[in-house]
Number of protein chains: 2
Amino acid sequence: MVKKSTAQRRRSGPKWARRPEDRPREILAAALRVFAERGYNATRLDDIAAAAGVTKGTIYYYFKNKDALLLQLAQAGDREEFARMEVLLADNAGSYSSQLRTVMRKGFAEPTDEARRQLRMVYLALHSDEPRLFARAVQGALVDGWALIVKLIERGQATGEFRADVDGPVAARIFTSGLLLQQLWRSSLGLETLDPFDNGRMVDSSIELFLHSLRPTVRLRAVETRRKARPS
Amino acid sequence: MVKKSTAQRRRSGPKWARRPEDRPREILAAALRVFAERGYNATRLDDIAAAAGVTKGTIYYYFKNKDALLLQLAQAGDREEFARMEVLLADNAGSYSSQLRTVMRKGFAEPTDEARRQLRMVYLALHSDEPRLFARAVQGALVDGWALIVKLIERGQATGEFRADVDGPVAARIFTSGLLLQQLWRSSLGLETLDPFDNGRMVDSSIELFLHSLRPTVRLRAVETRRKARPS
DNA sequence: TCAATATCTGACTTCATGGTCAAAAAGAGC
DNA sequence: GCTCTTTTTGACCATGAAGTCAGATATTGA
């Protein structure tokens, strides 16, 4: 994507060129690549600089610091993600259940395109490297995501598709956070070894749990009140 | 609890005493206090040493390193927590719903006793200081907790109190992780400001969501199949 | 009393990268 | 060509607590 060797050491040409228009984009692109490969902490600013064909000083000419670099990356990626989500929902005029299913799947299933996959890798590493920065990076997207989910739940409640007494805001937060934490622990930390679990099952089951918790029920009194036969 | 000034500088007495039986306990107790107050990273081993009335070298005489100190602390606390939980459940021979409610409340509501509260503070700080260590520290308790919850769900399924087709292991993991991540973000990171939420509501609503997702339902077909009137 | 040993001390070492900045180089304008 | 400004370079710096270890001190046992 970035032409690296184009003007590299043209015989007795200038040592470097001024390219203020392109540098920021190139640096950001390089940062995404390198962060995704090595993780946030393990990435040296010199690595990014090298990958972008500049030196560290140049990064500081265009960005405040390492955190800012990461934050810009995350914001851009999340904006794109949300734009896609809206298109997806516009196309999907099914029940609110199916819209919620779409949102959750899109949000938590493995991404197929490379850029999105890279951003996820960055997030995974970031969570175990710098949780505070991670929180800053994902907060915006999460709050927006929660608002979207709550909106869908409320509309479903209005039509009677979902039960009226469900706590929508809490539901949105609990299910997304649960899925997220599971994924974080499983990929970057060692949980997968200790407690192996398939991500597809995790996502699908969670979504079903989520939708089931929203659906109206008829309590089966006979079962509900039943007690164990023998007292312990 | 720890007699600090008892033999402190008795006139021309010995500079220090050998107390190999008590040192480890005292160091651990001091570590819990200081970690809870200042957080893991901000705590200097010299601080703990001072609080325990020894010097840093002594800590290294009894413990491998700072992490080991933390890990021992966590393990001891969690063992105690589980013991209490079992007693609590033995006393509570109600429905499986109510047992699950008890477990979740005990696990996530604000603790009342000081030691337990301190351990929570330690965990909160640890999560944002050293996520990998945090994961190691809580993994054991979580895996055991999940097993307990799954057991209760399965028993409830056997009696018909819960629906048969629920994915118990996923349910256990999602709800606990969701609640946990919410609490972590809200206390040690800045989420509470951006997205204020009452912890009591969070816990209670989550539990209800959890139980509702386990309960058998009678699908209301008329509502379930309904689609939005206008196609997009 | 005097080793021998267990316990404890505290000064010292160590280590690597994010960030700074003066100066060099490029290029625009005249 | 010659300034002047913008862009880029790259050598340098600052930092701070975890962990080590040689030796000091207490205790035990004979």
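Here the structure is a predicted model, which is why all the values come from computation and not from measurement.
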Checklist outcome for this item: Residues in residues 121-139 of chain B with a heavy atom under 4.0 Å of DNA chain D, by number, are none
Between atom [atom1] in [X] and atom [atom2] in [N], what is the gap in whole Å?
| X | N | atom1 | atom2 | value |
| --- | --- | --- | --- | --- |
| B:Lys64 | D:dA18 | NZ | P | 16 Å |
| B:Asp47 | D:dA18 | CG | C1' | 13 Å |
| B:Glu21 | D:dA26 | CD | P | 19 Å |
| A:Asp22 | D:dT7 | CG | C1' | 13 Å |

Next on the checklist: Give me each pair satisfying side-chain hydrogen bond (donor to acceptor under 3.5 Å, both in side chains) with a member in residues 41-56 of chain B, each pair once, sequence neighbours excluded.
Outcome noted: B:Arg38-B:Asp47
Item to check | side-chain hydrogen bond (donor to acceptor under 3.5 Å, both in side chains) contacts touching residues 182-203 of chain B (sequence neighbours left out) | outcome: A:Asp167-B:Arg201, A:Arg173-B:Asp195, A:Ser177-B:Gln182, B:Glu110-B:Asn199, B:Gln182-B:Arg186, B:Gln183-B:Asn199, B:Arg186-B:Glu192, B:Arg186-B:Asp195
Next on the checklist: With a 4.0 Å cut-off on N to O distance, would you call B:Arg84 and B:Glu80 a salt bridge?
Outcome noted: yes
Checklist entry - Do A:Arg132 and A:Asp67 sit within salt-bridge range, that is, some charged N less than 4.0 Å from a carboxylate O? => result no
By side-chain hydrogen bond (donor to acceptor under 3.5 Å, both in side chains), which residues pair with [X], not counting sequence neighbours?
| X | result |
| --- | --- |
| B:Arg79 | none |
| A:Arg116 | A:Glu81 |
| B:Arg25 | B:Asp22 |
| B:Glu86 | none |

Checklist entry - Under 4.0 angstrom, heavy atoms only, what part of the nucleic acid is A:Asn65 near: base, sugar-phosphate, or nothing? => result sugar-phosphate
Checklist entry - Partners of A:Ser213 by side-chain contact (heavy atoms from CB on, under 4.5 Å), sequence neighbours excluded? => result A:Phe175, A:Phe210, B:Leu209, B:Ser213
Checklist entry - Sequence neighbours excluded, which residues qualify as side-chain contact (heavy atoms from CB on, under 4.5 Å) partners of A:Asp204? => result A:Arg105
Checklist outcome for this item: Scoring nucleotides 8-16 of chain D by protein non-hydrogen atoms under 4.0 Å (B base, S sugar-phosphate only, - none) yields BBB------
Scan the side chains in residues 140-154 of chain B for donor-acceptor partners under 3.5 Å anywhere in the protein, sequence neighbours excluded, and list what turns up.
unit_1: B:Trp146; atom_1: NE1; unit_2: B:Thr176; atom_2: OG1; d: 2.7

Item to check | Span of DNA chain C, from the first to the last nucleotide whose atoms fall under 4.0 Å of chain B heavy atoms | outcome: C:dT5 to C:dG10
